[in-house]
Protein chains: 2
Amino acid sequence: MITSYGVHMPRKLRELNLEEVGRSLHSNAIHLLRDVRTEDSAMGIGPAQASALSVVVFGGPLSLNELAEAEQVRPPTMSRVVEALVREGLVRREANRDDRRSIIISSTDKGTKIIHEGRSRREKRLIKLLSQLDADEIRCLGRASRILSRILVTKHS
Amino acid sequence: MITSYGVHMPRKLRELNLEEVGRSLHSNAIHLLRDVRTEDSAMGIGPAQASALSVVVFGGPLSLNELAEAEQVRPPTMSRVVEALVREGLVRREANRDDRRSIIISSTDKGTKIIHEGRSRREKRLIKLLSQLDADEIRCLGRASRILSRILVTKHS
DNA sequence: TTTGCATACTTAGCATAGCTAATTATTAGT
DNA sequence: ACTAATAATTAGCTATGCTAAGTATGCAAA
């Protein structure tokens with residue numbers, strides 16, 4: 001269905017299309033991630049660890065509470081995830097000299113490498129899909145991406 | 001960064017932009033779902049159950065193996081998820097008369113209602129974000145969505 | 001200063017959700 | 001009628017989510 005968004009279009013039709021675009025974007029986001037996620041097994045760590053490590057790598061050193069908030073999980077959950085990452089040598093957990101209740105979590109070289117390689121595998125898979133498209137379609141996706149970036153508040157990567 | 005995709009552009013620059021668009025789409029998909037997922041607690045079921053139930057609702061009655069494959073999990077995992085959904089009265093598990101090893105999983109009215117309401121809450125949240133945009137930007141997202149739908153193989157919803 | 005409350009993290013214990021291996025029931029092939 | 005293949009389940013492990021409670025530190029008011 002192709003519909004014009006001219007300024008004289010009744011409000012109701014505009015809203016119907018907002019809904020259609022929202023539904024479609026939502027569905028596409030689900031399918032896109034479902035597809036690229038198939039590459040993640042090569043990282044050798046679970047999804048929660050991979051996602052948390054990604055925040056540490058791209059969001060710089062941060063405290064446990066900050067990391068838990070970024071990942072939308074409770075501190076005890078993140079405490080255990082970080083413990084596993086430390087055990088595997090993927091992050092460092094150091095004392096914060098300004099506030100000794102707090103910890104500073106930073107990525108090791110090994111952790112950074114794993115995340116960059118994992119991210120690269122996901123993106124390669126996506127790029128392979130995109131390479132079927134012509135230049136105009138890529139340009140459209142590029143502009144759409146910039147629009148989405150503007151309205152999606154991003155706390156990392 | 002705004003770049004032309006003219007037919008005479010060197011191959012290397014084209015590829016650089018494919019990468020940039022891929023990276024950006026990937027990041028936006030992550031942030032979009034991270035945002036809308038905050039509505040899911042209102043459904044009162046866990047993420048695996050919600051996702052599986054969604055496939056049953058939108059993908060029609062299907063067998064356990066089909067459901068497991070659609071959700072990218074192993075049959076034993078899905079067997080337990082379905083058991084929970086049956087216990088909560090959200091799906092039915094019936095014998096397949098043509099092959100009595102197999103089962104037919106279908107949604108109950110209650111399950112269908114929960115999923116439609118949950119989907120609606122997610123989409124309302126997304127539409128609220130989109131409503132900041134002007135008509136041209138919405139049109140761009142609409143076209144981008146249709147392009148993505150074409151290249152993302154969808155097994156449900 | 002010290003008393004007491006707030007904050008940051010961890011520990012303990014529970015539920016859900018992922019896996020492999022092994023079991024049961026049924027179907028299909030020789 | 002055997003035997004192999006297929007569909008689902010059961011058993012048991014790990015990972016990841018939660019709340020409640022514990023420990024250590026910081027901060028503020030008496």
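No hydrogens, no waters, no symmetry mates; every other heavy atom, side chains included, goes into these values. In what follows, chains are A, B, ... by sequence order, proteins preceding strands, each numbered from 1.
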#### Entry: d(CG, A:Leu64; C1', C:dT11) in whole Å
13 Å

### Task
Would you check if there is a donor-acceptor pair between the side chains of A:Glu71 and A:Ser51 at a distance under 3.5 Å?
yes

### Message
Would you say that A:Ile115 contacts A:Val56 through its side chain, given a criterion of any heavy-atom pair below 4.5 Å between the two side chains?
### Response
no

### Task
Could you tell me the separation between the CD atom of A:Glu69 and the P atom of C:dA8, rounded to a whole number of Å?
11 Å

### Task
Find the distance between NZ (A:Lys110) and CD (A:Glu88) and round it off to the nearest 0.5 Å.
7.5 Å

### Query
Of the residues in residues 77-88 of chain A, which ones touch DNA chain C at a heavy-atom distance under 4.0 Å?
A:Ser79

### Message
Testing the 3.5 Å rule here: is there a donor-acceptor pair between the side chains of B:Asn28 and A:Ser149?
### Response
yes

### Between C:dA8 (P) and A:Ile104 (CD1): distance, integer Å
14 Å

### Task
Would you name the heavy atoms of A:Ala144 and B:Cys140 that are closest together and state the gap between them?
N-SG, 3.7 Å

### Message
Whole angstroms only, please: what is the CG-C1' distance between B:Asp40 and D:dG17?
### Response
14 Å

#### Entry: Pair B:Arg119, B:Ser54: side-chain N/O donor-acceptor within cut-off below 3.5 Å
yes

### Task
Using atom CZ of A:Arg74 as one end and atom P of D:dA20 as the other, report the distance to the nearest whole Å.
10 Å

#### Entry: Spacing between B:Ile105 atom CD1 and D:dA7 atom P, to the nearest angstrom
13 Å

### Query
B:Leu53 has an atom CG; how far is it from atom C1' of C:dA17, in whole Å?
16 Å

### Message
So, OP1 or OP2 of C:dC9: does either fall under 4.0 Å of a side-chain N or O from A:Asn65?
### Response
yes

### Partner of B:Val91 under side-chain contact (heavy atoms from CB on, under 4.5 Å), chosen from B:Thr112, B:Leu85, B:Thr108
B:Leu85

### Query
Between A:Glu71 (CD) and D:dG17 (P), how many Å, whole number?
8 Å

### Difference in axis direction between the ends of the helix from C:dT1-D:dA30 to C:dT30-D:dA1, five pairs, 10°
0°

Taking only N/O atoms, report every protein-nucleotides 21-30 of chain C pair under 3.5 Å with atom names and distance.
{"unit_1": "C:dT27", "atom_1": "OP1", "unit_2": "B:Arg100", "atom_2": "N", "d": "3.1"}

### OP1 or OP2 of C:dT16 under 4.0 Å from side-chain N/O of B:Gln49
no

#### Entry: Evaluation steps, side-chain contact (heavy atoms from CB on, under 4.5 Å), between A:Arg122 and A:Arg37
CA-CA 7 Å; A:Arg122 276 184 170 214; A:Arg37 203 169 45 218; 3.8 Å; yes

### Query
Around B:Arg150, counting heavy atoms of other residues, nucleotides and ligands shown, do more than 12 lie under 6.0 Å from its CZ?
yes

### Summary
Of the listed D:dT16, D:dT9, D:dA7, the closest approach to the B:Arg93 side chain comes from D:dT9

#### Entry: side-chain contact (heavy atoms from CB on, under 4.5 Å) partner of B:Leu25, chosen from A:Leu148, A:Leu130, A:Val36
A:Leu130

#### Entry: B:Asn96 side, atom CG; B:Arg100 side, atom CZ - distance, nearest 0.5 Å
11.0 Å

